[in-house]
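Below you'll find the structure, written out as structure tokens, and then a few comments.
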There are 2 protein chains.
Amino acid sequence: MHSSEQIPHPVIRRLPKYLVHVQELREEGVEWASSQEIADALGLTSSTVRQDLSHMDLRGISKKGYETSQLEAVLRQILGADIMHHVVIIGAGHLGRALAEHGAFARRGFEICGLFDRDEDLIGKSFGNAEVMSIHELAEQAGKVKIDIGIIAVPSSAAQNVAEMLVEAGVKAILNLAYKHIQVPSNVTVVDARIMESLQELAYALGKKGKAVN
Amino acid sequence: MHSSEQIPHPVIRRLPKYLVHVQELREEGVEWASSQEIADALGLTSSTVRQDLSHMDLRGISKKGYETSQLEAVLRQILGADIMHHVVIIGAGHLGRALAEHGAFARRGFEICGLFDRDEDLIGKSFGNAEVMSIHELAEQAGKVKIDIGIIAVPSSAAQNVAEMLVEAGVKAILNLAYKHIQVPSNVTVVDARIMESLQELAYALGKKGKAVN
DNA sequence: AAGGTTTTGTCAAAAATTTATCAATACATT
DNA sequence: AATGTATTGATAAATTTTTGACAAAACCTT
Ligand SMILES: NC(=O)c1ccc[n+]([C@@H]2O[C@H](COP(=O)([O-])OP(=O)(O)OC[C@H]3O[C@@H](n4cnc5c(N)ncnc54)[C@H](O)[C@@H]3O)[C@@H](O)[C@H]2O)c1
Ligand SMILES: NC(=O)c1ccc[n+]([C@@H]2O[C@H](COP(=O)([O-])OP(=O)(O)OC[C@H]3O[C@@H](n4cnc5c(N)ncnc54)[C@H](O)[C@@H]3O)[C@@H](O)[C@H]2O)c1
């Protein structure tokens, strides 16, 4: 199979984990990794790993496994780590600032090229490499540099409004950190990332465990 | 079906979305919500919504739907919003501090009762309601208050080590924000929440879209 | 009170995802 | 070079998840 086909969503969500792992292996000087080794490291089955990797432009070799350099290369390519994406953050609050100051994004192909807020007091301040601009300048800025990804880091109540501004500005990919579902046209991709949901998932697990017999 | 049964994982991951939505409805004064309304608001099918809610201690009423107050109550109960969880954050860097200063967690049952770092210069400083303690005090602190959830907000290289300290301290639920898979005993639940992975998912979508015919 | 209508709960079908299996392959050893 | 062995790639089976369909329920209108 080739990378031109549609890759199932569960597979896509696992690819970043493979990438991190294979990069670690390479740092350790490991040149080959079998599906079993990868599975053990990531808590998967070897079958799942082989199935997943079969979607990519890559062939393993019997008795050796997959070449780590090649595996890293195809994963980087698919996950966009080789091209620089222009990312803007809307909301320069606690979370938005933490993101702007986080160096790791640029190293994986995501350059923060704009940080916007509606609070006049914040405008002009710098966090990481980004200077806070007025939210009213978003459209203008979108005209100058193509914005690939918009990150919503404003309170939930403003999330839908901000989403619409991003769509209006031509942004086709949105990372929504606000704890609220946003509605966008079908040609725009939204991915939610919510720490609160993860905590609630843990709370559920704790609740079940407390009641379980084991 | 009753809440004592095992709820499928995909369902669990959707429950927080239902909770947010139903809370919004209640704020608007809406007393009833049909599966179709919920589905439309959240981008699901009504069948999925009914299937999901059938796992819970709740019955809808023909022609009216589900009572929002009742729905909120069962969701809060399952997601642990009614009992206070004791949460510690390991790593008082950019992200750890943003989390500590985020007020919304306490309102949903997650009280930050500890913030730990190994950097001596940070110890004693306060963020939100939490004062930074030395990582060496973690075990001691765990003896005083039961830690329900540990959040890993240290660099990837320290994540496994921190995970082991949490396990050692008796923590049974871990939220891992570091971009690395951690190994823990099977009686410990780990949930990963990674902004980087979400960005990479978006990058994949952008890559595909660029190549697609439409 | 009867009839019409909307929406649930449930069951079954369909689709998607994961896991198991195994022949083919390619390497290592002798 | 022949043999043994570990590991892939592919296929099929099993499992899980989503969707479809519809009788039963309960509300509303008249
Ligand atoms: N802080 C965290 O650790 C954390 C964790 C998970 C999720 N979140 C979510 O991220 C979002 C932001 O959280 P935060 O803690 O950074 O909040 P915050 O209050 O610290 O910051 C929000 C910022 O958004 C700005 N803002 C508000 N409305 C705006 C608008 N319409 N346009 C532009 N800017 C606007 C505000 O001026 C403020 O600077 C929230 O939805 C929150 O739930 C935060
Ligand atoms: N900042 C972000 O927006 C962001 C976003 C997504 C993910 N993350 C992830 O969260 C983690 C933290 O990111 P950050 O930006 O806050 O980094 P940071 O460098 O600002 O902070 C890390 C903190 O961890 C402390 N630390 C290191 N090793 C430790 C140990 N063994 N025990 C206790 N404390 C230790 C350091 O002293 C530092 O204060 C990283 O894994 C990062 O990938 C951060």
Side-chain angles (χ1 to χ4, degrees), chain A residues 1-18 21-22 25 30-71 74-75 181 201 204 208, chain B residues 1-18 21-22 25 30-72 74-75 181 201 204-205 208:
Chain A
M1 304 201 183
H2 299 78
S3 59
S4 58
E5 294 174 35
Q6 164 70 13
I7 300 178
H9 202 247
V11 178
I12 293 298
R13 286 201 314 257
R14 281 190 293 269
L15 295 188
K17 300 179 203 298
Y18 294 132
H21 182 61
V22 78
L25 289 176
V30 178
E31 290 181 13
W32 296 89
S34 72
S35 57
Q36 186 65 62
E37 281 165 348
I38 296 172
D40 290 345
L42 267 42
L44 305 168
T45 67
S46 67
S47 197
T48 298
V49 173
R50 289 201 299 281
Q51 196 73 281
D52 286 356
L53 299 188
S54 77
H55 294 283
M56 307 171 57
D57 239 328
L58 169 88
R59 290 195 65 90
I61 293 184
S62 292
K63 197 90 193 260
K64 298 185 97 175
Y66 301 87
E67 200 174 359
T68 52
S69 62
Q70 200 189 352
L71 181 52
V74 292
L75 286 168
H181 183 82
E201 198 178 324
Y204 169 77
K208 281 289 117 177
Chain B
M1 304 200 183
H2 299 79
S3 58
S4 59
E5 293 174 34
Q6 164 69 15
I7 301 178
H9 202 248
V11 178
I12 294 298
R13 287 201 314 257
R14 280 190 294 269
L15 296 188
K17 301 180 202 299
Y18 294 131
H21 181 62
V22 79
L25 289 177
V30 178
E31 290 181 13
W32 297 89
S34 72
S35 56
Q36 188 64 60
E37 280 165 350
I38 296 172
D40 290 345
L42 267 42
L44 305 168
T45 67
S46 66
S47 195
T48 298
V49 173
R50 288 200 300 282
Q51 195 75 282
D52 286 356
L53 299 188
S54 77
H55 293 283
M56 307 171 58
D57 237 329
L58 170 88
R59 291 196 64 92
I61 294 184
S62 294
K63 195 91 195 257
K64 298 185 95 175
Y66 302 87
E67 199 174 358
T68 53
S69 61
Q70 199 188 355
L71 180 52
E72 181 182 357
V74 293
L75 287 168
H181 183 80
E201 198 177 324
Y204 170 77
K208 283 289 116 176

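Chain naming here is simple, since letters A, B, ... match the order of the sequence lines and numbering starts at 1 in each.
Comparing B:K64 and A:D52, the nucleotide of DNA chain C nearest to each residue sits closer to the 5' end for B:K64.
Interface remark: the A:Q51 side chain does form a donor-acceptor pair with the C:dT19 base, using a distance-only criterion of under 3.5 Å. A donor N or O paired with an acceptor N or O is found under 3.5 Å between the base of C:dT21 and the side-chain atoms of A:R50. A donor N or O paired with an acceptor N or O is found under 3.5 Å between the base of D:dA25 and the side-chain atoms of B:S62. At a cut-off of 3.5 angstrom, counting only N and O atoms as typed in the model, there is no donor on one side facing an acceptor on the other between the side-chain of B:S54 and the base of C:dG9.
We find that NZ of B:K63 is positioned 5 Å from C1' of D:dC27, with the value rounded to whole Å. If you take CD of B:Q6 and C1' of D:dT16, they are 12 Å apart, rounded to a whole angstrom. If you measure from atom CH2 of A:W32 to atom P of C:dA26, you get 12 Å, rounded to the nearest angstrom. Per the geometry, CD belonging to B:E67 stands 16 Å off P belonging to C:dT7, to the nearest Å. Here the P atom of nucleotide D:dT8 and the CE atom of A:M56 are 15 Å apart, to the nearest Å. Here C:dC11 presents its P atom at 13 Å from NE2 of B:H55, a figure rounded to the nearest Å. Rounded to an integer number of Å, the gap from CZ of A:R59 to P of D:dT8 is 12 Å. Separating the CD atom of B:Q36 from the P atom of D:dG20 is a distance of 11 Å, rounded to the nearest angstrom.
A heavy-atom distance below 4.5 Å is found between the side chains of A:L15 and A:I12. For the pair B:R13/A:E201, a side-chain contact is recorded, criterion being any heavy-atom separation below 4.5 Å from C-beta on. For the pair A:W32/A:L25, no side-chain contact is recorded, criterion being any heavy-atom separation below 4.5 Å from C-beta on. Inter-residue side-chain proximity for B:L75 and B:M56 is flagged as met; some heavy-atom pair is nearer than 4.5 Å.
Residue A:T48 has no polar side-chain atom (N or O) positioned under 4.0 Å from OP1 or OP2 of C:dT18.
Direction of the helix axis in the helix from C:dA1-D:dT30 to C:dT30-D:dA1 shifts by 30° between the two five-pair termini, rounded to 10°.
Applying a 4.0 Å cut-off to non-hydrogen atoms, the residues of residues 10-18 of chain B that approach DNA chain D are B:P10, B:R14, listed by residue number. Looking at residues 37-46 of chain B, you'll see B:T45 sit with a heavy atom under 4.0 Å from some atom of DNA chain D.
Residues B:A39 and B:S46 share a closest heavy-atom pair of CB-N, 3.5 Å. When all heavy atoms of A:L44 and A:Y18 are compared, the pair lying nearest together is CD1-OH, 3.6 Å. A:R50 approaches A:S35 most closely through the heavy-atom pair NH1-OG, 3.1 Å.
Distance check: B:Q70 CD to B:E31 CD gives 12.5 Å after rounding to the nearest 0.5 Å. To the nearest 0.5 Å, atoms CD (B:E72) and CG (B:L58) are separated by 12.5 Å. Summarising the geometry, atom OG belonging to B:S34 is positioned 13.5 Å from atom CD1 belonging to B:I61; distances are rounded to the nearest 0.5 Å. Interatomic distance, CG of B:L42 versus CG of B:D52, reported as 10.0 Å (0.5 Å rounding).
Side-chain contact annotation: B:Q6 with B:H55, donor-acceptor N/O pair under 3.5 Å absent.
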